[in-house]
Every structure is written in structure tokens, then in C-alpha cells.
> 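One structure coming up, written as C-alpha cells, with questions to follow.
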Amino acid sequence: LQTPGAVFFIFGATGDLARRKLYPAIYSLYTEGKLAEDFAVIGVARRPRSHEEFREDIYRSIKEFCRYKVEDTAKWTQFAEHFSYKSLDINNIDGYRELRELTETVEARFDIPGNRMFYLALAPELFGSVSFNLQKGGMLSSAGWHRLVIEKPFGYDLLSAQKLNEELNQVFKEEEIYRIDHYLGKEMVQNIEVIRFANAFFEPLWNNKHIANIQITLSETVGVEERGGYYDHSGALRDMGQNHMLQMLTMIAMEAPSRLFPEDIRDEKVKVLRSLRPYSSPLEVAENVVRGQYTQGESKGKSLPGYRQEDKVAPDSNTETYFAAKVLVDNFRWAGVPFYIRTGKRLPVKTTEVVVEFKQMPTNVYLGQKHTLEPNLLVIRVNPMEGIYIKINAKKPGSESQIQPLAMEFCQSCQVGINSPEAYERLIHDAANGDSTYFTRWDEVATAWAFVDRIAAAWGQTPSDISSYPAGSWGPKEADELLAKDGFHWWPVN
Ligand code: BG6
């Protein structure tokens, strides 16, 4: 599907996200013919830059981060012509008027019918004022559509999210707001629905009669890197829990939508969020949620600093860099099935995986009481490996009665290799086409915050009550106990 002609405004054009993700995504879309010649990109940021310097930045970003290489100079020049730059003080209305003139020039040049997409790769505190100034500066009066694309975090808690949403709603309608959760753009996260709803041997088993528990792991090897300032006020629960983790959970737990329309799908997702059992007291939070912070440790022979030694982190910080939780979804399908979710920085591997553990067979005719069978597992690997893995039990060849677990594996990333599209390609393409399926709707955001706020409030009462784990390890031991109490354990990630 080719996107309709539009101007893409990248606010925060000189920032990291734009450089690493957005420009490479635009180049991939162009290379694949999903963007025709009737598009333009206007980079907006404070620092002065000529159009030519900006195009050189784009070239470097694509060379470093894009899955397509620039091979042909003529083709590159043709692509780069679509990029212009506007230095802007985002609080100065006059600047927006100049931006409008520049926009009209590029619209005329590339025959663009007034469609405008504003991508705010900025600190969230600025979303409200930029939206307001876009309107005041006349940027929203062109003939075509206007869309706002914003990055997370959407607020710091429910209250601040509501305030932000009210601000945005003064300028944009809900259907014009595209809230990015880049996990929803990942190929394998989108594949969860297909695996579930297109396979006769999964869907009938996808419930509390057959599933013992579900484990979702988002582990990272990196520490906080240069983002200590942001992260120390956020922590793992807000940075990954409120959004990516709960979004993945909804994809696994939701009912099949009645139609494949964005609103029908998002209706089903928000129902899952509404069914999450809230922790009713700080004690319940303590029993069901583990938080941890990494201390000095080591990985592959390299010594790693502790979180409190990281740049821009308070030396006595109690911010969690890890959390694990037992979450219950109180509906007919899932009553009684624990969802264990965990995420952390400075863990041993970078991976995102979902493990569905099926219930044990009622009787074990082969081995009697002597041995226990391993449960069947379905593992969905999201990132960086993409694929599906099923663990079943089969006879050990040559033996009379020995059973061994064996794996049936489909490795998507082995086949498609580095050419699997990046999340941001999909999301920019969808937003430009007006498809909001893989963006979070306001009620999803609000319901997720309401759930997370209770955890944060309980933690806030005893801030120093946080476990530690050495960098490079699998997190605090309490996370293992969380499952052990229920007779389960975390399945090792591959
Ligand atoms: C971001 C978080 O949303 O997701 C980061 O703010 C995290 O802290 C990142 O590192 C992980 O994304 P991915 O795609 O690398 O798994």
C-alpha cells in the first residue's frame, strides 16, 4: 500500500530517535516503493542547520542504521531533495508562521495535497505547547488531514496523562492522535494475533482449561546509557511496564475482534486491561510484584558499574531497573491463570519472549509415577530473534519407554535475516495511511496507568525496600520465588 502524499514533520530532528529510527524507516519505505515522490520531510529542531547540512545528517544516519544501503548516487539525490530543515524555537509563534511558508513551498513542489503528519520526537512536557502553537501558527489549516504522532511516555501517572490528553484534545481529535508503542510495530508482536486466531491447534487450547501460566520476558543487556536523567525519574515499571509489557499481555489475552478494524481490535485490547485484577493493598503489591536495582557486576569478563554509579543517576537512588509481577486477568477465559511478566536492564541477554506453558497431562500412562513429563510449551520469540518454538514430548529413539522433550522450531529471523522490517517503518506507514490499529488509544493508556499507579503508590510508601541484583545476572532471587510459590519456574530464555 502506497502512502498518500504528505509532509512529515519531525520535531526533534537532530535527536537520537530521529537519527537511529525515523530517517532509516523513511528510507526503507521509499526504497520499497511504499512512499512515492509526493512526500516531503521537514526536520524541526532548535539548532541552526542548512538544508544541505540536514541532508548530510540524514545520509550518515541511513548509512549507519538503515537495513537498505545507499547504492546509487542519483537515487540518493532524488530522495534527499525531499528533506528540508527549519530551525525553530518551539515557543515562538512567528517561527511556526515561517514553517508554514516553507511547508507550502514544499507542498507545491512535490504536489502534496495538504496532508500533514507531525511526529513529536520530543520530551513529553512539550507535546501540549507544540500542538497549541501548531494550531495558532496556522499549520493545521491546510486542506488535507492532520495527524499527531507522539512517543511515550504518555504522562507519568494517570493524572498527568489525563492532563496531557486534555491539552492535546484542545487541538487534535482522538482519531488524529497516534500514540506510539514501538513494541506494537514489531513483526512478531503483530504475529501473535495470527498465530492465535489462524491455527486450529492453538485457539481451542487458549484458555484456563489448558494453559497453566504465561510468562513474558523483556530483558535487556544495556544499562541506562545516556538516559540516566530520564530513567531515574521513570524506572522499569513506567518505562516498560505501563506500555510495552501490558500491551503484549493484551495481545496474548484478548478475544478475537468481531472485525479487523482498528477500533474493534482496540476495544478487545482495552477489555483485557479492564480485567486486570488491581492489587488492593501495599501488602498485595509486595506479594505479587518484585522490584530490583542492579549493582556492580560483570558480563563476559567485563566489569559493569552499578546503577547508582551511572551518569545522571542519584547516588542514593531507589529507582527500579527491574520488576517482575504476577498479574491476573479476571475474565472467563483467563480466571486462575497467572501471567508472569518481567523486565530489566543489565540482564544476561537481550530478548523478548512469550512462553505459554500448557497444563500437565491428566495421567502419565507411559512413565507411571516414576517420572514427570515436561509440560508442553509454546514460545514466541519477538526480539531480536524472531520465531516460534514448540516443545513436545516424544519417545527417545531406541529406548523402550523413555520420553524426551523435543523442540519444533521456526526461526523467522534466520530466513528473513536482517530484512525483517523495523517497527518504525510499519508505524510510520500505518499512521500515514490512517491505520491506528497498532497505536494505543486513550482508554488503553488510562487503564494501564490506573493499574500501574497502584504499584507505584505502594512502592512509594517504602522506597528503600528494593532488592538488588548484580549487573549481568537474571535479577533478584525474589522473582524466582514469585513463581515457586505457585509451583512454577521461569523457563530459561534461549
Ligand atoms: C524503550 C525504553 O521504550 O524501549 C527503553 O524507553 C528500552 O528503556 C527500549 O531500552 C527497548 O526497546 P527494544 O525495541 O530495543 O526492545
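For ligands, and for the atoms within them, numbers begin at 1 and follow the listed sequence. As the structure is a computational prediction, the values presented were derived from the model and not from experiment. Counting from 1, the numbers follow the sequence of the chain as shown.
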> Which parts of the protein, at residue level, reach under 4.0 Å of ligand 1 through a heavy atom?
Lys152, His182, Tyr183, Lys186, Glu220, Arg227, Asp239, Met240, His244, Lys345, Lys350, Asn383

> Around atom NZ of Lys173, are there more than 12 heavy atoms of other residues, nucleotides or ligands at under 6.0 Å?
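Count not over threshold, so no.
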
> For atom CZ of Phe132, decide whether the heavy atoms of other residues, nucleotides or ligands shown that lie under 6.0 angstrom number more than 12.
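Check fails, neighbour count at 12 or below.
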
> Is the Phe118 ring parallel, tilted or perpendicular to the Phe172 ring (thresholds 30°, 60°)?
tilted

> Taking the side chain from Arg55 and the backbone from Ala80, do they hold a donor-acceptor pair closer than 3.5 Å?
yes

> Residues in side chain to side chain contact (heavy atoms under 4.5 Å, CB included) with Lys63, at least two apart?
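Expected list: Tyr59.
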
> Would you call the rings of Phe39 and Phe79 parallel, tilted or perpendicular if under 30° counts as parallel and over 60° as perpendicular?
tilted

